[in-house]
Student: 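Submitted below is the structure of interest, expressed as structure tokens.
Chain letters run A, B, ... following the sequence lines, proteins first and then strands; every chain starts at 1.
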Amino acid sequence: MSPLSIKLGRDLWRIKGQAVAIALVVAVGVLLQVMQTGLVRSLDETRRAYYERYRLAEVFAPVTRAPVHAAVDLRKIDGVAAVETRVAGAAMVDLPGAAVPVRAQVASLPAQGAPRLNDVLLTDGRALSGERPDEILLLQSFARAHGLKPGDRISATMNGARHDFTVSGLAVSPEFIYTTAPGELVPDDRRFAVLWMTRTALEAAFDMDGAFNEALLSLSRGTEPDAVMAEVDRLLDRYGGTGAYHLDDLPSNKFVVEEISGIKRTSKTVPPVFMAVAAFLLYIVISRLVDAERKEIGLMKAFGYTSWEVGAHYLKMVLVIAVGGAVLGGVLGILAGRWMVDLYMLYYKFPFLLFRLDPSSFAIGFAVSVLAASAGGLLVLRRVFALTPAVAMRAAAPADYSRARPLGGWMGRVLDQPTRMVLRRLARQPLRMGGAIAGVGAATALGAAMASLLASYDTMVEMSFGVIDRSDVTVTFIHPIAEQSRHDLAAIPGVIEVEPIRVVNAVLRNGRHSYRGAVNGMTVAPRLYRAVDADMADIPIRADGIILSTGLARALDIQAGDRLTLDVREGRRPIVEVPVSGISESLIGSPAYMEIGALNRLLKEPLRISGAFLRVDPVRGDEVYRILKDRPMVAGVALKSESRAALRKMMDQGAGAMRYVMAVIAGVITFGVIYNAARVAQAERERDLAGLRVLGFTRGEVAFVLLGELAAVVVLAMPLGALGGYWLNLAISAGFSTDLYQIPASFGLTGFGQAMIVVLIAALLSGWLVKRDIDRTDLILALKNRE
Amino acid sequence: MTENTFTIRNLKKIYGHGDTAVHALRGVDLDIPVGEFVVLLGASGSGKSTLLNIIGGLDRASEGTALFRDRELTTMSDSELTRYRRDHVGFVFQFYNLMPSLTARENVELVTEIARKPMDADTALALVGLAERADHFPAQLSGGEQQRVAIARAVAKQPEVLFCDEPTGALDSTTGRAVLKVLKEVNERLGATVLVVTHAASQAAMADRVIRFGDGQVIEVKVNETKLTPEQIEW
């Protein structure tokens, strides 16, 4: 082994603490890079493969009732590759022992063979047999959540009639990767079911003999879906087509895609921060090392080593640290990715989801960290090149502070000498100090923004379930029924208050923007489910206009006072223009509100309601649910407490886990920056500090001179961190808000405080480590040996 | 009887242990009277600096006693030693050890701020002939000037003892003589006991007392009847 290699090893060992701290920063950057790109790849590829293998349709065309032969015309549309028709609808599963009926979706499968589109993957039991109409396949996650197995019997209400079924098998489907009950945000395996039945059986249940109510289409490669959908709409119009929509609008797919693009966004923004911090730290540490080893460098050059050879020695050191960190980050990234995949499988029902390392991400992370580190190293190499043997062999002159201004005036009178030493050092190397401040500031900002994001989620839950929705139960009917039925609901013992609602499916259009959603018809001054403004004050519902939620207004790029085209997709399907009368604050979904009477008039269906919000006596809740379960017109009963609990659970598991990850990350950066700054300052000033001890300064007083500098860095970084955190929080809330949910920006003292605590702990830890070494300094050696 | 600044008996210092043990001091007995200018001579590794470090409160003895006036140094705690250095002792080093971030005056004030009965920083600088350089930073001063600032810093607290470890080691002879002159003045005007460790045997001629070290022991103690002035010394 060459002497230089031995020196390399020993030098690394000597700066091991700093090397580890920097390698950790690199590792976190690479970890995130590898984990996130791997997740994107895993989710994306699994999704594609799953869609392809089970032939998920690209266009969904619900229709009221179309004869089977209508499919022939659909098949003839230019660009359509395959057409499948089916009968689909809503159901309510009645489980023995469960007070609240479970909402379910039903879809037909052909009696013989696999469907051309939207096939299912049988995971347990056997497929449906054409002969037995009472057989069903059950969504695997739901069955498992309730301990249901093939062979078990369950009953369900469809189209107002109750049926008993035998579970022949359990299945999963690419159509239901992310399964939420309609109108809910978070999957809850226990509370949402999908049933597959033979076409014949479902035709009977929904009076669809010889007809279908949903067409599924796949397209040839390169086909423009909009043109096909327009043609589908035209063909199905006479059968009550309610508007074809693309796979992009399928709720399950939408959630998966949103998730993937969310990870993509972070993977592009966060890891570079780490690389920049690591490069900066390497620059500081190695430049300090080169300064300290002037003599050795001069000696090596005097012996005949070239500048390149000597430079390569220091560059190797940089590379060892960077490569070490990158490899560690890669390994940890894979482990973290696997762990995340397990977490994803709780919510995303893929038949399998393997963490697939994206080799390019590893290569990129590796290359970027090595390049960033080398950039830091190369700046230092300039100094190695500039040193001539003669200059290098001479002792360095005292650091020149002559440009520092004498501290006159009140400062001259007030400041003691140790404080002056701290201040002058800060002023002498503004770039280095600025870098350290920026690094700690970035860590604080990152931590504060993430902690605030969690507070934002809390606000979202509180606002949605505490302020906007004050009901206990939401009841939906199979189809719109007479308004008087609300009195039947009110008459149920235990029901305290009933508030009717009419939900109408519609496409909202503004110029080229359109949104497939629904309009909620509500009473003028609703009490249980309200529209509120940013100050949480009621917005009265109006008959002469529509109120849009903020998310919807953003998606449509529309403001109060503008006019909106309402393309109603049910009943007589009128297309009307309505003025936007207000914008309401809403965090979950993108609702639009209108006065129920006005909405019914638009539809020419007076006095109809499609559901109701109930306030229920908590003591008699179970009794109320039991009665509701037996009402034939009831399609679904949703309990607010359950939706809220499901959302909470997801936030605690997903975002909650992220809270600790981000705290660790903020801690790692802070520790990396502070510890290195402290170590470098200590090494540079070992003699000064020993000198102070000899002059009779106590350990505490000496530590002040060194740690005061770090304290100043941390203190100066705080406002920067607060400001950065505020902007980052705004950017993250905006970036992560979709039409599915909006994250309110809420940068609060709590989040900032939490980040500050992490930063302070990291700072104290590095301060303590360095102070320990100051205390151990050998006074005599420090004074005798001139570097 | 003359009063002693230091009374040292059987002082030993051993670095390491077992086979690798190095005996830096092998039982030193010395009396250093108050107010004397003492020069310690000896080859490298003879033990002179080790003695200086122990009685200067920078290092601890392995065995024996060392009294500063009537106080035992060898049993002092770390904070007592700090107190001792702060209140009674001044140091001058070969490499000056000034704080580069403080001006000459501020370097002196570094000490006067924490001393019990310091002299004014400007007075101390005037004593070493640097009154007009008070606002310069170390980087703006020559080696001799830096060493004189270091002396001003050491004497500003009006110490009872001034320890100088090779104070002229990094200086040319002209500058070195100027530094020795300052040390002599401090000794005479402030009455401080001055201990100078040096390689330059010729400097012994200006001392009241010359202590020669060899192999961790005192070989010779010589009291000069006639002394040379710093200007008369050549090396």
Student: Flag yes if more than 12 heavy atoms outside A:Arg772 fall under 6.0 Å of its CZ atom; otherwise flag no.
Tutor: yes
Student: Measuring heavy-atom distances to chain A, does B:Asp87 have an atom under 4.5 Å in its side chain, in its backbone, in both, or in neither?
Tutor: neither
Student: Tell me whether B:Arg85 contacts the main-chain N or O of A:Leu695 through its side chain, where contact means a donor paired with an acceptor under 3.5 Å.
Tutor: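 No, because the side chain of B:Arg85 does not come within donor-acceptor range (under 3.5 Å) of the backbone of A:Leu695.
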Student: So, taking the atom named OG in B:Ser101 and the one named CE in A:Met421, what distance separates them when rounded to the nearest 0.5 Å?
Tutor: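 Spacing of OG (B:Ser101) from CE (A:Met421) equals 4.5 Å.
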Student: In terms of heavy-atom proximity below 4.5 Å to chain A, should B:Leu141 be classed as side chain, backbone, both, or neither?
Tutor: neither
Student: Between B:Ala139, B:Gly57, B:Gly90, which has the largest tally of heavy atom pairs under 4.5 Å with chain A?
Tutor: B:Ala139
Student: Taking atom CG of A:Asp416 and atom CG of B:Leu110, what is their separation to the nearest 0.5 Å?
Tutor: 9.0 Å
Student: Starting from the C-alpha separation in whole Å, work towards a yes-or-no answer on side chain to side chain contact (heavy atoms under 4.5 Å, CB included) for B:Leu102 and A:Arg424.
Tutor: CA-CA 8 Å; B:Leu102 299 178; A:Arg424 290 227 174 98; 3.8 Å; yes
Student: Taking atom CZ as the centre, does B:Arg69 end up with more than 12 heavy-atom neighbours from other residues, nucleotides or ligands that are less than 6.0 angstrom away?
Tutor: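 Enclosed.
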Student: For A:Val705 and B:Met99, what are the C-alpha separation, side-chain angles and deciding distance, and is it a side chain to side chain contact (heavy atoms under 4.5 Å, CB included)?
Tutor: CA-CA 11 Å; A:Val705 173; B:Met99 302 298 146; over 6 Å; no
Student: Kindly give the heavy-atom pair with the smallest separation between B:Pro100 and A:Asp688, and that separation in Å.
Tutor: CD-OD2, 3.4 Å
Student: Within this structure, what is the CD1-CD distance for the pair B:Ile114 and A:Glu701, rounded to the nearest 0.5 Å?
Tutor: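 B:Ile114 CD1 to A:Glu701 CD: 6.0 Å, rounded to 0.5 Å.
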Student: Contact part of B:Arg83 toward chain A, heavy-atom cut-off under 4.5 Å: side chain, backbone, both or neither?
Tutor: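 Contact with chain A involves no heavy atom of B:Arg83 at all.
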Student: Between B:Gln140, B:Glu109, B:Arg86, which has the largest tally of heavy atom pairs under 4.5 Å with chain A?
Tutor: B:Arg86
Student: Would you find a donor on one side and an acceptor on the other, under 3.5 Å apart, between the side chain of B:Glu113 and the backbone of A:Gln417?
Tutor: yes
Student: Could you tell me which portion of A:Arg428 (side chain, backbone, both or neither) has an atom closer than 4.5 angstrom to a non-hydrogen atom of chain B?
Tutor: neither
Student: Above 12 or not: heavy atoms from other molecules or residues under 6.0 Å from CZ of B:Arg212?
Tutor: no
